[in-house]
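All remarks here apply to the structure that follows.
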Amino acid sequence: MNPAFSVIAFTTLSGAGYGMLAWLGVIVAMSGPQLLARNDATLSLQVCPLLIALLATGMALTVLGLVSSTFHLGKPLRAWRAFSQWRTSWLSREGVLAMLSLVPATTLIACLWGSAHGGFASALLPIRIAPWLGGALALLSLLTVGCTAMIYASLKPIPAWQHPAVVPVYLVFSAWTGWMLLAALPTLGPGDWHWIGDKHFFVKGPALAAIAAVLAGALAVLKLVYWRDIDRLNLPSREAATALAGFGKVATFERPHTEANYLTREMGFVLARKHSRKLRAIALLLFAAVPLFALLVGAMLPVLATAGWWLAALCALAGAFVERWLFFAEAKHMVMLYY
């Protein structure tokens, strides 16, 4: 299929944003209340603005991704109609869940603001509801990414997207890119926090890099298995595609068109195998090998730790972009059997 930049940007940016929100939801649900409930004004004034900034960044990425997705539509102003088909459409379910996920995110920001500054927001939205908000945010974020993946996994005319790894890859990519941004962004602010600790919300520790290594390794394995399997996959015959296998050979009577049309442009995109292999290697290096190497160098040379995290985060996003381009470019639609 012809890879559309708007769709690639949408799945990459929104995936990273929802990954950030999911991790933040888990962190707040598990450790946020104990830390924020302490009678430590300095800590509260440091932690709450950091969490607010991270939540706002995650929300901005998701909104930017969702807006970019409308540029692929013939009439973007009618995008709101997609919300009405949630009973049968994964696209509609994705949109509904995307809107719902903003509710706990914005409410959590209000709770954090009230915890740091007091006043009306603190009385109206007590911080003790933070665990519930964090859990809801994590669940809705993951469900939204899952619906995004199901938009493609549910399309039976594209055999490559019927692979069982499609949905897990989307979820792990979201968790991976979101985790890397969540690790890198706090280095821009005051302090140097990276993980949950006893005295600070984020402190340096091996757990952060260990989780990153597990996610990168799992993602590399999933993609290698997916690529191996789709290389062995061929489009079904015309007889099988039309369910007329029992009636002999099926052939087209004449060409449906004398020139290129929408279907041949969008569904007939062909990527040469040699280019496919090169791009797969580039994607694997960017989203797995280079980030892990950067983290290793940062662990061995603490002076390069911040640069290592940022290099790893940016390479993870770049690798996700290349992988997502391949995801569409390597997909073959069965409608091309007609042409």
Side-chain angles (χ1 to χ4, degrees), residues 12 15-35 46-47 50-51 53-55 57-58 61 131 134-135 137-139 141-142 145 165 167-189 191-226 283-320 323:
T12 303
Y18 283 117
M20 281 189 66
L21 294 178
W23 283 115
L24 286 168
V26 171
I27 290 172
V28 171
M30 293 178 60
S31 300
Q34 292 82 0
L35 291 169
Q46 289 176 333
V47 172
L50 175 63
L51 288 175
L54 293 174
L55 284 166
T57 302
L61 286 172
L137 178 59
L139 179 61
S141 298
L142 292 176
V145 177
V167 175
V169 163
Y170 265 76
L171 290 171
V172 178
F173 250 120
S174 177
W176 166 236
T177 53
W179 183 256
M180 298 309 295
L181 288 174
L182 194 61
L185 285 171
T187 63
L188 297 178
D192 194 12
W193 303 326
H194 278 298
W195 188 240
I196 300 172
D198 294 331
K199 296 182 179 181
H200 299 291
F201 197 81
F202 290 95
V203 296
K204 282 186 176 181
L208 188 66
I211 292 177
V214 170
L215 290 172
L219 191 55
V221 171
L222 284 170
K223 285 307 301 182
L224 287 172
V225 171
Y226 174 79
L284 196 61
L285 284 173
L286 286 175
F287 72 69
V290 175
L292 291 181
F293 178 76
L295 295 182
L296 179 62
V297 172
M300 297 174 62
L301 302 172
V303 69
L304 298 176
T306 297
W309 278 109
W310 271 105
L311 176 61
L314 294 176
C315 284
L317 283 173
E323 183 276 339

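Keep in mind that the numbers below use all heavy atoms, side chains included, and drop hydrogens, waters and symmetry copies.
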Side chain proximity check, L181 to T177, heavy atoms < 4.5 angstrom: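 A side-chain contact is absent here, since even the closest heavy-atom pair is not under 4.5 Å.
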Heavy-atom check, side chain of L185 versus side chain of W310, under 4.5 Å: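 They are in side-chain contact.
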Between [atom1] of [X] and [atom2] of [Y], what distance do you get to the nearest 0.5 Å?
{"X": "L182", "Y": "T57", "atom1": "CG", "atom2": "OG1", "answer": "10.0 Å"}
{"X": "L296", "Y": "L304", "atom1": "CG", "atom2": "CG", "answer": "11.5 Å"}
{"X": "E323", "Y": "F287", "atom1": "CD", "atom2": "CZ", "answer": "6.5 Å"}
{"X": "L284", "Y": "L224", "atom1": "CG", "atom2": "CG", "answer": "5.5 Å"}
{"X": "L54", "Y": "I27", "atom1": "CG", "atom2": "CD1", "answer": "8.5 Å"}
{"X": "L215", "Y": "S174", "atom1": "CG", "atom2": "OG", "answer": "10.5 Å"}

Closest contact, heavy atoms only, [X] versus [Y]:
{"X": "G319", "Y": "L286", "result": "CA-CB, 3.5 Å"}
{"X": "P291", "Y": "A316", "result": "CG-N, 4.2 Å"}
{"X": "L292", "Y": "A213", "result": "CD2-CA, 3.6 Å"}
{"X": "G308", "Y": "L295", "result": "O-CD2, 4.3 Å"}
{"X": "W176", "Y": "A216", "result": "CH2-CB, 3.8 Å"}
{"X": "V26", "Y": "A138", "result": "CG2-CB, 3.9 Å"}

Polar side-chain atom of W179 near backbone of M20 as donor-acceptor pair, under 3.5 Å: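 No; zero donor-acceptor contacts below 3.5 Å.
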Matching residue for L137 among V28, L55, L142 - test: side-chain contact (heavy atoms from CB on, under 4.5 Å):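 The option that passes is L55.
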